[in-house]
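Here is the structure we will look at.
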Amino acid sequence: MGTQHGSTHGFGGRIKNNAVFIPVAVFLVVMTVYVTNSNSNLPNNGRPHKYQHVEPSTKQQQQHLETSTGSSTEATTATQKATRKATTSAVPVTLTGASHHSIAVSCSKFTRRQACYIAKGFVEPHDPSMMIWPKANRVSNGTQSLFVDVTHFELLWQASETIETETFNEVAPLVYESFARLCSRMLHTCASGFPLNEYGQRAERPAPRKPSDAAAAGGHNDNDDDDDANDDDDDDGEQEVGGGVPESGAQDNFAWLTKLVIEIEDELAPLDIGVNESYALHVPATKAAQLRANTVWGAMHGLESFYQLVARHPPSNRPVISNVPISVQDEPKQLWRGLLLDTSRHYISRSTIRKLLDMMSLVKYNVLHWHIVDDQSFPLESKKYPQLAAKGAWALGGQRAIYTQDHVRDIVAYARNRSITVIPEVDIPGHASSWGLGIPEVTLCDTLHQPLNPLFPNTTTIVAELFEEILDMFPSKYIHIGGDEFDPKCWTTANVPELQDTKDIQTIVDAAFEVITNRNRIPVMWNDLIESRPINVPSSSIVQLWKCWGAKMGLTRQVLQANQHNAIQSTCMYFDFDKSWKEFYMDDSARGATTNLDRLWGSEGAIWTERIDGSNFFCRVFPRMTALAERFWSYKPQNTPTEADVDEMYPRFLVANNRIAILGVPQNILTKPSDAGFCPLLPESKSHKEVQSGQKPKVRANRGIPYQPIVSEPGN
């Protein structure tokens, strides 16, 4: 898949936003109370307890991108210095009550605002079925409306009476962070101005209320800009935005929604492909909203849908949920709804990865397939073989662009807190050029996609020990070994008669298979390993299909007809293809297959980064990723949307894109259905062509790096 592979980009660091912050000391006191009330320390399982993350606007992203090659301590310090600034991914919320069986969270401690007024440009009320993305299975609604008391909103999880302390302490951090994200996103709507509206323009701020209105609401005069995004000073003299819930008759006569109560049936269900992700959401005309889910993972999806129901009430600029009572019953049609992220062709910052994960969570993806290593670079830290990254990673800003093992665990935990499984891929036996930069003997040829060297006596040991480290970093049940585009011709040109093609491929992949299966994990591989020169693979293996030309597109049908392996489809779903959002949405994932469709678990879009970096990542990915999200959630692979389906979805698609843009994600703005939804790829550089044409000696002579990134990312 060499020339068809791509990448991603993220957010993070020390950013300012328009809503909320709690001093670190107070936050630590709150967490101490929480731990004490729970009678046990919260588990450090993958480090889930990071309650401060920040999501920048477009301008802030350029100014404050984290130094991805720096230490995590530096990043934490930078975040702590961002006092009294809003967060839009996981704002710290206050724990107003905790017991052995419940968590109560209020958003009120994290904003100086007593009322929420939303800027023009934010989503306005629609029928609930128009608001939720991806399209929900079943939605019913009434005709009334409710204001949402965002600044005082409460969330309550009532655990089962029989729950054990250990179980409570395992689930509590997940629920807590999910509540935090809902608070932060709703509070973000209260900003006095947004970076972009749906047409990429600066949104207007709401008109200030008259002093008489503020007095009637029992608040202060709203006459300050309160634009923290552009204010470096910690101005304690700023006035609160007055209001709270107005007294009767002071505003519209809508009732106020002040609470959401969650019930989770199976509180211990682990995150896994195929876990129950269903949820039922009810927003009544009075009292508290209710969210019921079989698992915490389904509850996370329900919280995203609740947030998506919040709109701007045009006459008052207040948050509103219209057409209540609303009942939503929803679950995904595909088990595996993934995005592949290539971080070898261009290094992708951790901040970009986190931002991608935030948006994946919003539109209900559940798999990040991290294609972390390939020919062009080896950016993954190995404790056993540190020279692999020390000599094989990109050189950016005088440092090697490496994902340390701590970085990896942080990203895995960040994803888990958003109901996303991170599945690593280290490609073997081919696509291994970068291995040879750190351990020259482990590769044999000077060609692109060069394979590992089976004649080197330590090759299989290195493979086995590296995969042991990978399994320690990634708790996913599924581990991707690659296996694509292996070219035995390089062994022929190397004039090594001892090599026997299939036998030697088998020797290398068996080293990985043994580690994976011995630790009760399941290997995933590209279809090449079972295609032209069949390799013996474990019967549990999952085959990922990718070839997008001619007869090769029929491989899906062949694999399913053989009825030997479960499969994932990513054929032609590449974000480095100039393919419109509509073509992505209408893609025939089953490729004409009609038998054993239960073995087709789902689909993946692929962000290959040969010609994508931080400068064009988001506008290549969005809004096409959003379109694919509904294709994966709301349709089975064999059920292709029609033109009528596209006509129905397009207004909903614009609403979803508007919300994503306001959350600070730069994207290609759609103004009409025929817009393709992507920006140009980067031009190929001379050195990039040298790598693609296999001129490896020139690359080795210039190492450093295989080829210079075409557009460098600020601070990365």
Side-chain angles (χ1 to χ4, degrees), residues 2 344 371-393 400 402 424-472 479-518 523 525-526 528-529 533-537 691 694-706:
S344 173
H371 185 90
I372 196 166
V373 171
D374 210 294
D375 282 311
Q376 286 80 355
S377 73
F378 197 111
L380 177 65
E381 179 192 31
S382 166
K383 301 287 189 182
K384 186 74 175 179
Y385 301 100
Q387 65 270 40
L388 288 171
K391 296 184 178 180
R400 293 289 176 187
I402 295 171
E425 179 187 350
V426 173
D427 206 345
I428 61 170
H431 285 273
S433 301
S434 61
W435 296 51
L437 298 168
I439 307 176
E441 300 86 353
V442 82
T443 55
L444 183 64
C445 315
D446 281 325
T447 60
L448 187 66
H449 310 328
Q450 66 170 300
L452 295 170
N453 179 9
L455 297 181
F456 179 47
N458 292 339
T459 294
T460 54
T461 300
I462 293 169
V463 168
E465 292 182 338
L466 182 63
F467 271 88
E468 289 282 6
E469 288 191 89
I470 290 167
L471 268 64
D472 289 340
I479 305 294
H480 208 302
I481 70 159
D484 66 302
E485 294 184 324
F486 169 75
D487 184 8
K489 292 178 182 177
C490 94
W491 289 348
T492 303
T493 56
N495 195 25
V496 183
E498 300 96 313
L499 297 176
Q500 299 180 34
D501 194 352
T502 301
K503 175 184 175 182
D504 293 297
I505 298 173
Q506 188 77 59
T507 300
I508 295 170
V509 297
D510 276 350
F513 286 148
E514 183 175 0
V515 171
I516 293 169
T517 56
N518 283 349
M525 67 202 67
W526 299 107
D528 305 50
L529 280 183
R533 54 180 73 83
I535 301 298
N536 294 323
V537 303
V691 172
Q695 298 181 40
K696 194 63 181 177
K698 294 182 181 179
V699 176
R700 285 186 183 274
N702 191 36
R703 194 59 183 186
I705 48 179

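Values reported hereafter were calculated over all heavy atoms of this structure, with side chains retained and with hydrogens, waters and symmetry mates removed.
- For the pair Ser434 (side chain) and Asp374 (backbone), a donor-acceptor distance under 3.5 Å is present.
- Here the side chains of Val442 and Asn458 are not in contact, with every heavy-atom distance at 4.5 Å or above.
- With a 4.5 Å cut-off on side-chain heavy atoms, Ile462 and Trp435 count as touching.
- Panel note: side chain Thr459, backbone Leu455; no donor-acceptor pair is recorded below 3.5 Å.
- Judged purely by atom type and a 3.5 angstrom limit, Ser377 uses its side chain to pair as donor or acceptor with the backbone of Ser344.
- When every heavy atom of Leu380 is checked against every heavy atom of Ala389, the shortest pair comes out as O-CB, 3.5 Å.
- Heavy atoms only, all atoms of each residue included: Gln450 and Ser433 are closest at CG-OG, 3.2 Å.
- No side-chain heavy atom of Val537 sits less than 4.5 Å from a side-chain heavy atom of Pro523.
- The closest side-chain heavy-atom distance from Ile481 to Leu529 is below 4.5 Å.
- By the neighbour-count criterion of 12 heavy atoms within 6.0 Å, atom CD of Glu465 is densely surrounded, having more than that number from other residues, nucleotides or ligands.
- Counting all heavy atoms, side chain and backbone alike, Arg400 lies closest to Lys391 at NH1-O, 4.1 Å.
- Between Pro429 and Gly483 the shortest heavy-atom distance is CD-CA, 4.3 Å.
- Here the side chain of Gln506 pairs a donor or acceptor atom with the backbone of Asn536 at under 3.5 angstrom.
- For the pair His480/Trp526, a side-chain contact is recorded, criterion being any heavy-atom separation below 4.5 Å from C-beta on.
- Residue Ile508 holds its CD1 atom at 8.5 Å from OG1 of Thr460, rounded to the nearest 0.5 Å.
- Residues His371 and Asp427 have side chains that never bring a donor and an acceptor to within less than 3.5 angstrom of each other.
- Of the possible donor and acceptor atoms, one in the side chain of Asp375 sits under 3.5 Å from a partner among the backbone N and O of Ala432.
- Using a 4.5 Å heavy-atom cutoff, the side chains of Phe378 and Leu437 are not in contact.
- You'll find the side chain of Glu425 stays beyond 4.5 Å of the side chain of Ile372, heavy atoms only.
- No side-chain donor-acceptor contact under 3.5 Å links Ser382 to the backbone of Leu466.
- The backbone N or O of Lys383 sits less than 3.5 Å from a side-chain atom of Glu469, completing a donor-acceptor pair.
- Ala393 and Ile402 make their closest contact through CB-CG1, 3.7 Å (heavy atoms, listed as atom of the first residue, atom of the second, distance).
- Across Pro454 and Asp504, no two heavy atoms sit closer than the pair CG-CB, 3.7 Å.
- Contact of the Pro379 side chain with the Val373 side chain is registered, since non-hydrogen atoms from C-beta on lie closer than 4.5 Å.
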